[in-house]
Undergrad: 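Please see the structure below; I have some questions.
Quantities reported herein were computed from a predicted structural model and do not represent experimental measurements. Just so it is clear: chains get the letters A, B, ... in the order the sequence lines come, proteins before strands, and each one is counted from 1.
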Protein chains: 2
Amino acid sequence: MTITQLQYVLAVAEHKNFTLAAQKSFVTQPTLSMQVQKLEDELDILIFDRSKKPITITEVGKKIVNQAKNIVNEANRIQDIVDQEKGFIGGDYTLGIIPTVMPTLLPMFLKTFIKRYPKVNLIIKEQSTENLIKNLQDGHLDAGIAATPLEIEYLKERPLYYEPFVGYVPPGHRLYQQPKLKPEDLDIQDVLLLQDGHCFRDGVINLCKAPRNFQEEHFRLQSGSFETLVNLADEDLGMTLLPYLNTLELDEQKKEKLKYFEAPSPAREVSLIYHKSELKIQITEALRDVILGIVRGAIAFQDVKIVSPLNK
Amino acid sequence: MTITQLQYVLAVAEHKNFTLAAQKSFVTQPTLSMQVQKLEDELDILIFDRSKKPITITEVGKKIVNQAKNIVNEANRIQDIVDQEKGFIGGDYTLGIIPTVMPTLLPMFLKTFIKRYPKVNLIIKEQSTENLIKNLQDGHLDAGIAATPLEIEYLKERPLYYEPFVGYVPPGHRLYQQPKLKPEDLDIQDVLLLQDGHCFRDGVINLCKAPRNFQEEHFRLQSGSFETLVNLADEDLGMTLLPYLNTLELDEQKKEKLKYFEAPSPAREVSLIYHKSELKIQITEALRDVILGIVRGAIAFQDVKIVSPLNK
DNA sequence: CTTAAATAATAAGTTTTATTGATAGTTTTT
DNA sequence: AAAAACTATCAATAAAACTTATTATTTAAG
């Protein structure tokens, strides 16, 4: 049994296809096939059921694949130990960021980070919390930035900042006269929402504590961008809620329609999340340092109340 | 990096000697030297400091060795998974037993075990609790039988039986007239003890709750066997305490000098202990089943009070 | 039902790697 | 100072991993 063989097994388990797995492993298909077979021979057990298309993993195979993940992870850790010893911060580092955080946060820290750690090849991917979690487990991401708490067994969460929710209320709206918003004022029926899959949407829904199964019949216009929501609100189609950082880039005219919540303001907790195995932890720590340093100035709110980002 | 290389590193770390490590790994010394070098080259860091004799492990080396242990252990687990799947119970299994348990317990279960699991090659080693713990961590033992609780972080303890302490009191002794013993009657100064290193000794000392630093000036005759202690007691040099199972093999004349404790009798907890990683867990479970089945008949005491085996 | 496409297994040959025996270079012990 | 113990290096060999080419098998398409 070799580590390489285990990596091949993992590739096949992931892609359910020897040819593709071989490509991803940068070897030819026979090489991969033979090595997987060799391992199966050595263990005298089948890991994959090749009779079905696409290939399936046998019951024992699943256990072996899990264990193989462990081993390969732990093996990668050795390079990690050496890097840490040398104070080396470099290599590929893949970071996932949720869409509602991406456009505001990324520009704030990216330049500083790549300047301070020029040897790190940062690969940034925008994806939903759901995919983020999956990819962190699979090892396709080294870390993610998402709204928390998620309370996933195998993930660590390190809060970066607390971002208050800010109301965007058009003049015609019933709440326009109020100086401050209160969560209980909100009616889910007239709050414009991001489309399904965005955790900010779920956060807002949780905040509104509306009936779980509210009807959306008369309102199908959901958007993926806050800009759209703001524009819809301006058309008197309802109010909406924005994360604080998104309010900074509004023009003066629109800023007048912002309404803050009474303290403690509802807020989302935005955290750096990564696998408990702490692979590439030095880079993760470096990233955290950079973001914390920059965010400290931008967000000064203290008295907030965290809203869960989960669709419970 | 290969698993083999990591195993070589572990062998060198253990024996502090490339030549010996090579022998233990069943390869020649150049093979092992070259592979270790190759790994060091790949990581671009020195694991061993060869300038000192005997060889020492560098600071990073220590971390790498630890991680290597993990990896090798986790890798062995894969065969384990397969064995479990197949219901296969076999292969080498090394069991350590403390000296005070060995002569009474081993004959009780050995025959049954090798008959029921003929494919297991049982290797039994008598050793002190201290060595048992060390060897379980190093992976030199698959399991051990010792007095518990030990509360070692990386070990699991599964109690096998509770063995009461029984007094052996010669007719001339001040306690001979009493029908039952009480712990508070005991005076550490006239209780004959096993020599240092036996945990039963520590158990008895704990029971006597004598001053921790009692003097042994006038009594240096410590022995490694209960037989000696009994004979010394017969010479009126004091009383002694025996584990219950040891009392079964005394002759009739000696049995008359046995004095049991009042309930709850002090007792030692004898457990099967093994590494938390649960390597070869099927064999361990099989062993436990056999011993439990046999011991159930032999030891029927219920109301006991466990004495710590540790030299606190 | 036949054919084409996709995919895995097999075969033969090549490259790479692991291992060995012999030996040279150290350090430690006597 | 010599012997012993130990590690590194070298050249040769055995083993393995990998490649290209090909075959076999399954799935999808016509």
Side-chain angles (χ1 to χ4, degrees), chain A residues 1-58 60-62 64-65 68 71-72 75-76 78-79, chain B residues 1-58 60-62 64-65 68 71-72 75-76 78-79:
Chain A
M1 176 169 51
T2 68
I3 295 173
T4 309
Q5 285 172 351
L6 297 177
Q7 285 169 329
Y8 291 164
V9 167
L10 290 184
V12 176
E14 184 178 348
H15 299 107
K16 319 269 185 223
N17 175 321
F18 279 71
T19 312
L20 183 57
Q23 276 171 22
K24 297 282 178 182
S25 306
F26 306 104
V27 290
T28 58
Q29 170 263 318
T31 299
L32 188 135
S33 282
M34 283 170 115
Q35 288 306 315
V36 172
Q37 274 182 52
K38 216 176 131 192
L39 181 61
E40 288 179 324
D41 283 354
E42 181 186 328
L43 298 175
D44 193 28
I45 209 151
L46 280 179
I47 299 173
F48 300 105
D49 182 350
R50 295 146 170 93
S51 73
K52 289 172 191 151
K53 300 274 159 103
I55 272 175
T56 60
I57 311 180
T58 62
V60 220
K62 282 176 195 165
I64 292 174
V65 165
I71 296 169
V72 171
N76 288 336
I78 285 196
Q79 184 62 57
Chain B
M1 176 168 51
T2 67
I3 295 174
T4 309
Q5 284 171 351
L6 296 178
Q7 285 169 328
Y8 291 164
V9 165
L10 290 184
V12 176
E14 184 178 348
H15 299 106
K16 319 270 185 221
N17 177 321
F18 279 71
T19 312
L20 184 56
Q23 277 172 22
K24 297 283 179 181
S25 306
F26 305 106
V27 291
T28 57
Q29 171 262 317
T31 299
L32 188 136
S33 282
M34 284 169 122
Q35 288 305 314
V36 172
Q37 275 181 50
K38 214 176 132 192
L39 181 61
E40 287 178 324
D41 284 353
E42 182 185 328
L43 298 175
D44 193 27
I45 210 153
L46 280 180
I47 299 173
F48 300 107
D49 182 351
R50 296 147 169 93
S51 72
K52 291 173 189 148
K53 302 273 159 104
I55 271 174
T56 60
I57 310 181
T58 63
V60 220
K62 281 175 194 165
I64 293 175
V65 165
I71 297 169
V72 170
N76 288 335
I78 286 197
Q79 184 61 59

Undergrad: I want to check one thing: is the phosphate of D:dA16, taken as OP1 and OP2, less than 4.0 Å away from some side-chain N or O of A:Lys38?
TA: no

Undergrad: When you compare the side chain of A:Leu6 with that of A:Leu39, does any pair of heavy atoms fall below 4.5 Å?
TA: yes

Undergrad: Whole-Å distance between C:dT7 C1' and A:Leu20 CG?
TA: 12 Å

Undergrad: For the side chain of A:Met34, counting heavy atoms from C-beta on, which of D:dA16, C:dT19, C:dT10 is nearest?
TA: C:dT10

Undergrad: Is the shortest heavy-atom distance from the side chain of A:Leu43 to the side chain of A:Val60 under 4.5 Å?
TA: no

Undergrad: Show the numbers, then the answer: is there a side-chain contact (heavy atoms from CB on, under 4.5 Å) between B:Ile3 and A:Ile3?
TA: CA-CA 6 Å; B:Ile3 295 174; A:Ile3 295 173; 3.6 Å; yes

Undergrad: Given atom CD of A:Gln23 and atom C1' of D:dT19, what is their separation to the nearest angstrom?
TA: 15 Å

Undergrad: Between C1' on C:dG25 and CZ on B:Phe18, what's the gap in Å once rounded to a whole number?
TA: 15 Å

Undergrad: Phosphate oxygens OP1/OP2 of D:dC6: is one of them under 4.0 Å from a side-chain N or O of B:Arg50?
TA: no

Undergrad: Would you say A:Thr19 reaches C:dA6's phosphate, i.e. side-chain N/O to OP1/OP2 under 4.0 Å?
TA: no

Undergrad: How long is the line joining CG of B:Asn17 and P of C:dT29, in whole Å?
TA: 13 Å

Undergrad: Using a cut-off of strictly less than 4.0 Å, decide whether A:Thr28 has a side-chain nitrogen or oxygen near OP1 or OP2 of D:dT19.
TA: yes

Undergrad: Separation of B:Glu40 atom CD from D:dT7 atom P, in whole Å?
TA: 13 Å

Undergrad: What is the separation between atom CZ on B:Phe48 and atom P on D:dT7, rounded to the nearest whole Å?
TA: 11 Å

Undergrad: With the side chain of A:Thr31 defined as its heavy atoms from C-beta on, choose the nearest nucleotide among D:dT19, D:dA8, D:dT7.
TA: D:dT19

Undergrad: Looking only at heavy atoms, which two atoms of B:Arg50 and B:Val36 are closest? And how far apart?
TA: NH2-CG1, 3.8 Å

Undergrad: Name the closest nucleotide to the A:Val27 side chain, picking from C:dT7, D:dT7, D:dT19.
TA: D:dT19

Undergrad: The side chain of A:Gln35 is closest to which nucleotide in this list: C:dT20, D:dC18, C:dA8?
TA: D:dC18

Undergrad: What's A:Gln29 touching, base or sugar-phosphate or nothing? Going by heavy atoms closer than 4.0 Å.
TA: base

Undergrad: Closest approach to the side chain of A:Gln5, judged atom by atom: which nucleotide of D:dT9, D:dA17, D:dC6 is it?
TA: D:dA17

Undergrad: In whole Å, what is the span from the CG atom of B:Asp49 to the C1' atom of D:dT7?
TA: 13 Å

Undergrad: What nucleotide among C:dA8, D:dA17, D:dT20 has an atom nearest to a side-chain atom of A:Pro30?
TA: D:dT20

Undergrad: Taking CD from B:Gln37 and P from C:dT19, how many angstroms apart are they, rounded to a whole number?
TA: 14 Å

Undergrad: Please confirm whether the shortest side-chain N or O distance from A:Ser33 to OP1 or OP2 of C:dA8 is below 4.0 Å.
TA: no

Undergrad: Heavy atoms only: give me the nearest B:Asp49-B:Thr58 pair and the separation to one decimal.
TA: N-CG2, 4.1 Å

